[in-house]
Amino acid sequence: MAGSLTKAEEGTAAAVDWSDEAVIYVNGVRRVLPNGLAHLTLLQYLRDIGLRGTKLGCGEGGCGACTVMISCYDRTTKESQHFAINACLAPLYSFEGMHIITIEGVGDRQRGLHPVQERLAEAHGSQCGFCTPGFVMSMYALLRSSKRPPTEEQIEDSLAGNLCRCTGYRPIIDAFRVFAKTDDSFYTGSPSENANGQAICPSTGKPCSCRNETDVGADESSLLSSVKTYLPCSYNEIDGNAYSEKELIFPPELQLRKYMPLKLNGFNGVRWYRPLKLEQLLHLKSCYPDAKLIIGNSEVGVETKFKNAQYKVMISVTHVPELHTLRVEEDGLQIGSAVRLAQLQKFLKEVIAERGSHETSSCQAILGQLKWFAGTQVRNVASVGGNICTASPISDLNPLWMATRAKFQIIDVNNNVRTTVAKDFFLGYREVDLEADEILLSVILPWTRPFEYVKEFKQAHRREDDIALVNAGMRVHVTEAEGNWIVSDVSIVYGGVAAVPLTAAKTEKFLVGKKLDNGLLDETFNLLKEDIPLAENAPGGMVEFRSSLTLSFFFKFFLYVTHEMNIKGLSNERFDAANMSAIQSYTRPVTVGTQDYELVGQGSAVGQPMVHTSAMLQVLSVV
Ligand SMILES: NC(=O)C1=CN([C@@H]2O[C@H](COP(=O)(O)OP(=O)(O)OC[C@H]3O[C@@H](n4cnc5c(N)ncnc54)[C@H](O)[C@@H]3O)[C@@H](O)[C@H]2O)C=CC1
Ligand SMILES: O=c1[nH]c(=O)c2nc[nH]c2[nH]1
């Protein structure tokens with residue numbers, strides 16, 4: 001049904017036939033969304049229609065209890081794509097034309113448990129059950145989106161946005177480890193052996209004894225490990241059918257459905273638009289200069305829920321192709337502002353694999369930082385432009401855009417494009433160089449030159465899914481002059497230390513023209529302390545610690561560059577082997593944990609590793 005045009009929209013070239021018909025599928029069931037729900041999140045809607053298995057935890061995208069799987073159809077590749085998201089921040093209408101699968105769509109009492117649910121229950125992976133549907137959905141989305149069985153690392157990464165506060169992560173990870181099919185022998189019952197005849201663990205690739213522990217019928221009086229329940233779960237025990245036969249498919253109607261520009265309303269006069277063309281977006285922005293652009297809503301959602309922000313007009317720009325550019329160009333990469341962070345990760349990996357390493361030092365640093373940016377569910381929706389324009393003082397990427405000499409392309413409502421350097425874009429606390437009639441179009445990330453090194457830094461209370469205490473982006477370019485390799489250009493930018501990312505200007509000036517050697521360090525540290533002052537009462541506290549981080553990040557950068565230059569024979573600066581760990585990027589081995597307990601046969605359930613009676617219900621999220 002076509003929506004009527006407002007006065008402001010009348011008589012313009014971009015007048016559009018806006019539709020107010022919004023169709024989604026939820027667990028295979030077609031649902032026409034009524035107009036008037038623009039103020040609702042997906043989570044509120046799901047719970048309103050009786051699907052209460054998806055939980056409201058923190059409500060700000062941090063705990064994963066509200067995880068659901070979204071499927072959409074890529075008309076270019078003709079494939080459906082699946083990803084886990086947090087329903088608590090997701091604006092309902094953003095999913096028009098998509099399929100939402102909730103915990104109820106994965107398994108239920110009639111169809112039985114999905115193997116993911118079955119594993120979690122059997123491996124004692126639920127206790128109070130509140131976070132359980134979120135874990136199931138993250139694992140389910142990973143399996144549905146993986147062409148090959150995921151690795152154990154991928155499984156753990158996919159759970160970084162899910163918090164558990166009672167069961168503990170060991171049994172949860174143990175439960176899901178079986179889906180990391182790394183060795184067929186694990187499934188055939190004849191594990192491979194090394195030259196010494198020791199069994200090789202199919203999961204870790206190291207000698208172990210887990211094959212014995214898969215023998216459920218082993219002597220019960222012996223010491224047993226909880227990993228004994230590692231059995232493949234390829235079928236459902238209720239009726240013996242392969243579970244894949246019951247997997248919800250992407251609805252054929254949605255494959256064929258034509259996207260329409262949408263105009264819908266919400267409570268209290270809220271208006272929600274989904275333009276399909278840049279021209280439509282710019283026209284809306286000219287009619288409503290105060291309109292809020294929305295992509296992932298992971299910042300705007302927090303502002304409206306917790307900071308009393310009210311936005312009357314919201315423009316969802318997820319379907320504007322010009323904002324989704326991901327292009328390799330002669331001078332670097334062009335990255336559209338609406339590109340999701342997970343898409344950017346995938347793209348950067350491809351670019352790094354294809355191009356020479358000297359060109360992609362910036363790409364590697366950004367990819368390195370994205371690994372620790374929030375959790376999977378947030379990265380699946382949050383966008384490059386959303387992070388830049390939020391201009392959060394702790395943004396993980398903004399110091400890097402500045403340090404890498406990135407440029408931002410900005411377009412106004414009259415289609416004029418201007419380019420500014422990232423370094424000049426952040427004006428004050430959450431204030432950027434954008435006029436009311438302008439939007440961010442894209443980011444241009446230049447290739448690095450030979451002998452140019454870029455590195456990312458972040459320190460948080462915990463590595464996964466946490467905001468930075470201090471972060472930084474650093475870059476140096478060295479060139480040869482009279483037989484010496486000297487600094488020709490350097491960028492040192494810190495986040496988390498001021499209202500905007502802060503450039504260490506005096507330090508940069510000092511370093512230019514110098515040969516990087518240990519003798520420079522004392523003076524550099526003194527200048528850094530002047531450049532990055534942290535007052536005793538600075539917001540965020542822990543000033544001594546944060547101050548020392550600014551120095552230690554630089555020291556690590558210095559070591560990294562020195563080491564790289566030594567390898568290339570450009571320098572013979574002393575490199576103390578004890579400092580090696582400072583330059584190695586942190587890689588956490590997959591989690592390994594065992595639990596040993598003695599079974600005391602006293603004729604009762606006490607002391608027996610029995611699955612508790614609520615487990616089957618908790619993994620279905622019906623309790
Ligand atoms: N809730 C959470 O757990 C987390 C939230 N974040 C935040 O989420 C944001 C990520 O992006 P989204 O979810 O996509 O943001 P969003 O849809 O919430 O938009 C964020 C801000 O950017 C503006 N914006 C977005 N694109 C724009 C463009 N092209 N031109 C001008 N302004 C534009 C929006 O109007 C809004 O003010 C980051 O800024 C970060 O601060 C990041 C990690 C975790
Ligand atoms: O750049 C960011 N990185 C994060 O991890 C994060 N969490 C909330 N907001 C954030 N911004």
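Any value given below was found using the heavy atoms of this structure, including those in side chains, with hydrogens, waters and symmetry copies removed. Sequence positions, counted from 1, serve as the residue numbers for this chain. Read the numbers this way: they start at 1 and go in the same order the structure lists the ligands and their atoms.
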Kindly confirm or rule out an N or O of Ala374 lying under 3.5 angstrom from an N or O of ligand 2.
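There is such a contact, yes.
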
Looking at ligand 2, does any of its N/O atoms fall within less than 3.5 Å of an N/O of Trp372?
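It does not: no N or O of Trp372 is found under 3.5 Å from an N or O of ligand 2.
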
How far is [atom] from the closest protein heavy atom, and which atom is that?
{"atom": "atom 10 (C) of ligand 2", "answer": "Ile394 CD1, 3.8 Å"}
{"atom": "atom 6 (C) of ligand 2", "answer": "Ile467 CG2, 3.6 Å"}
{"atom": "atom 4 (C) of ligand 2", "answer": "Asp396 OD2, 3.4 Å"}

Let's go through Gln364 and Glu456 carefully: what are the C-alpha distance in whole Å and the side-chain angles of both, what is the deciding distance for side-chain hydrogen bond (donor to acceptor under 3.5 Å, both in side chains) to 0.1 Å, and is it a yes or a no?
CA-CA 9 Å; Gln364 291 169 45; Glu456 78 292 355; over 6 Å; no

Under a heavy-atom criterion of less than 4.0 Å, does [X] contact ligand 2?
{"X": "Asp466", "answer": "yes"}
{"X": "Arg379", "answer": "no"}
{"X": "Ser395", "answer": "yes"}

So Glu156 and Thr591, side-chain hydrogen bond (donor to acceptor under 3.5 Å, both in side chains) or not? Walk me through it.
CA-CA 8 Å; Glu156 290 191 18; Thr591 309; 2.9 Å; yes

Mark yes or no: [X] above the aromatic ring of [Y], with NZ or CZ under 6.0 Å from the six-membered ring centre and no more than 45 degrees from the axis.
{"X": "Arg75", "Y": "Tyr259", "result": "yes"}
{"X": "Arg31", "Y": "Tyr25", "result": "no"}
{"X": "Arg379", "Y": "Phe83", "result": "no"}
{"X": "Lys455", "Y": "Tyr560", "result": "yes"}

Going by the angle between their ring planes, with limits at 30° and 60°, are Tyr494 and Phe553 parallel, tilted or perpendicular?
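Judged by the thresholds at 30° and 60°, the geometry between Tyr494 and Phe553 is parallel.
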
Specify whether Phe557 and Phe457 have parallel, tilted or perpendicular ring planes, treating 30° as the upper limit for parallel and 60° as the lower limit for perpendicular.
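The arrangement is perpendicular - the two ring planes meet at more than 60°.
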
Is Arg430 close to Ser392 at the side-chain level, that is, under 4.5 Å between some pair of heavy atoms?
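Touching, per the 4.5 Å side-chain cut-off.
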
Neighbouring protein residues of ligand 1 - any heavy atom closer than 4.0 Å
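The answer is Glu60, Gly61, Leu89, Lys292, Leu293, Ile294, Ile295, Gly296, Asn297, Ser298, Glu299, Val300, Val302, Ser337, Phe373, Ala374, Val378, Ala382, Ser383, Gly385, Gly386, Asn387, Cys389, Thr390, Leu434, Ile439, Leu440, counting any residue whose heavy atom sits under 4.0 Å from ligand 1.
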
Taking 4.0 Å as the limit for heavy-atom contacts, which would you say applies to Lys458 with ligand 2: side chain only, backbone only, both, or neither?
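Lys458 to ligand 2: side-chain contact only, backbone stays beyond 4.0 Å.
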
Taking only heavy atoms of Asn387, which atoms of ligand 2 are found under 4.0 Å from at least one of them?
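Listed by number with element, the hits are 1 (O), 2 (C), 11 (N).
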
Could you state the interatomic distance from OG (Ser585) to NZ (Lys371), rounded to the nearest 0.5 Å?
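If we round to the nearest 0.5 Å, Ser585:OG and Lys371:NZ are 9.5 Å apart.
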
Could you list the residues that satisfy side chain to side chain donor-acceptor pair (under 3.5 Å) with Glu96, not counting sequence neighbours?
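Once residues adjacent in sequence are excluded, the partners of Glu96 under the side chain to side chain donor-acceptor pair (under 3.5 Å) criterion are Arg257, Arg274.
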
